[in-house]
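Presented below is the structure to which this report refers.
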Amino acid sequence: MPNVRALRFNYVYWARHDYRHWYQFGWVPVTVYAMNLPGFLAGRSLLTPLTIYAGQTSDYKELALNIANFPKFLQLAFPTAVLDHYELLKRGLMVLTCLILLAGFWYLRRLDLTPQRFLVVATWSFWTCTMFLPSMHDRYSYFVMVMLALVALLDRRMIGVALVSIGISTVLYLRYLLNADAAIDLWPLAIIQIINYCGFTAGTFLHPQPEYLHSFR
């Protein structure tokens with residue numbers, strides 16, 4: 001997943017025809033393989049960073065694990081249908097994620113991509129993946145929470161979004177640590193998180209002002 005996220009992050013520049021930054025793609029394999037060096041030394045295949053997510057979706061056979069996102073909502077709302085059509089839904093969610101990302105990046109072509117907006121769009125792209133890809137779990141969302149906290153420091157309007165998301169993420173991890181699956185219902189949390197994501201998406205792309213982030217200074 002880190003290599004996929006890095007590619008999305010750099011794709012924003014490519015979509016803007018800013019080819020001065022093409023060389024940043026070269027850092028993707030370098031950082032991915034450098035961080036996985038202990039695993040390679042222990043005998044893991046060099047292809048593992050590229051195949052581990054596909055293996056996870058095949059091993060767990062669940063649309064979502066301990067996470068509040070769109071696949072978890074589907075899993076809880078339509079358990080029988082999800083179980084019967086897992087492979088179809090898995091592929092459909094992957095396609096849906098790609099389409100949402102492509103639509104968002106295409107829309108960016110008409111906007112002034114300032115450093116502040118670049119941070120917001122990067123956060124949105126990471127969150128889109130954890131929101132819609134199958135077989136996600138709570139640890140995939142940790143980096144999104146860090147990014148949301150940074151965005152909230154730049155834009156007062158995003159404080160509520162960040163607080164709600166970080167709060168839900170904390171509850172989910174406590175649910176895992178305390179083995180409180182029965183005590184904490186994921187269905188309402190998934191709905192709240194989906195609404196929260198939609199609000200963040202609207203703030204990212206639909207604000208009429210070209211410079212919509214406001215510093216506290």
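- Contact detail for Val151 and Met158: the closest heavy-atom pair is CG1-CG, 3.8 Å.
- Note that CD1 of Ile159 is 12.5 Å distant from CG of Leu148, once rounded to the nearest 0.5 Å.
- Looking at Leu101 and Cys129, their side chains come closer than 4.5 Å, going by heavy atoms from C-beta outward.
- A heavy-atom distance below 4.5 Å is found between the side chains of Asn69 and Met136.
- The minimum heavy-atom distance linking Gly104 with Trp124 is given by the pair CA-CH2, 3.7 Å.
- Both Val121 and Tyr107 belong to a common hydrophobic cluster when Ile, Leu, Val, Met, Phe, Trp and Tyr are linked at side-chain heavy-atom distances under 4.5 angstrom.
- Cluster annotation: Leu102 is not connected to Val95 through the hydrophobic network of ILVMFWY side chains, with a link wherever side-chain heavy atoms come within less than 4.5 Å.
- For Glu62 against Ser135, the heavy-atom pair with the smallest separation is O-OG, 3.0 Å.
- The line from CG of Asn36 to CG of Leu41 is 11.0 Å long, rounded to the nearest 0.5 Å.
- Hydrophobic clustering (side-chain heavy atoms under 4.5 Å, transitive across Ile, Leu, Val, Met, Phe, Trp, Tyr) groups Leu150 together with Ile166.
- Scanning all heavy atoms of the two residues, the minimum distance from Phe40 to Ser45 falls at CE2-O, 3.3 Å.
- In this structure, the separation between CD1 on Ile100 and CG on Leu93 is 9.5 Å, given to the nearest 0.5 Å.
- The neighbour count for Tyr142 OH, taken as heavy atoms of other residues, nucleotides or ligands under 6.0 Å away, is above 12.
- Residues Val120 and Phe200 have side chains in contact (heavy-atom distance under 4.5 Å, counting atoms from C-beta outward).
- Under a 4.5 Å side-chain heavy-atom criterion applied to ILVMFWY residues, the cluster that includes Val146 comprises that residue alone.
- With values rounded to the nearest 0.5 angstrom, Leu189 atom CG is found 5.5 Å from Ile168 atom CD1.
- Under the 3.5 Å distance criterion, the side-chain polar atoms of Lys72 are left unmatched by any main-chain donor or acceptor of Ile67.
- The CZ atom of Phe70 lies 12.5 Å from the CG atom of Leu133; values are rounded to the nearest 0.5 Å.
- When side chains are defined from C-beta on, Ile194 does not count as touching Phe132, because their heavy atoms never get closer than 4.5 Å.
- For Asn196, the side-chain contact (heavy atoms from CB on, under 4.5 Å) test picks out Trp127, Val161, Val164, Ser165, Gln193, with sequence neighbours left out.
- The shortest distance between side-chain heavy atoms of Leu119 and Met147 falls below 4.5 Å.
- Paired with Val82 under the rule side chain to side chain contact (heavy atoms under 4.5 Å, CB included), one option of Leu76, Leu88, Leu89 passes, and it is Leu89.
- Not one N or O on the side chain of Asn66 forms a donor-acceptor pair closer than 3.5 Å with the backbone of Asp138.
- Hydrophobic cluster membership is shared by Phe205 and Ile195, with clusters built from Ile, Leu, Val, Met, Phe, Trp and Tyr side chains linked at under 4.5 angstrom.
- Without hydrogens or angle criteria, Tyr197 side chain to Met131 main chain gives no donor-acceptor distance under 3.5 Å.
- Shown here are the side-chain contact (heavy atoms from CB on, under 4.5 Å) partners of Ala103, two or more places apart in sequence or in another chain: there are none.
- Rounding to the nearest 0.5 Å gives a distance of 11.5 Å between OG1 of Thr130 and NE2 of His137.
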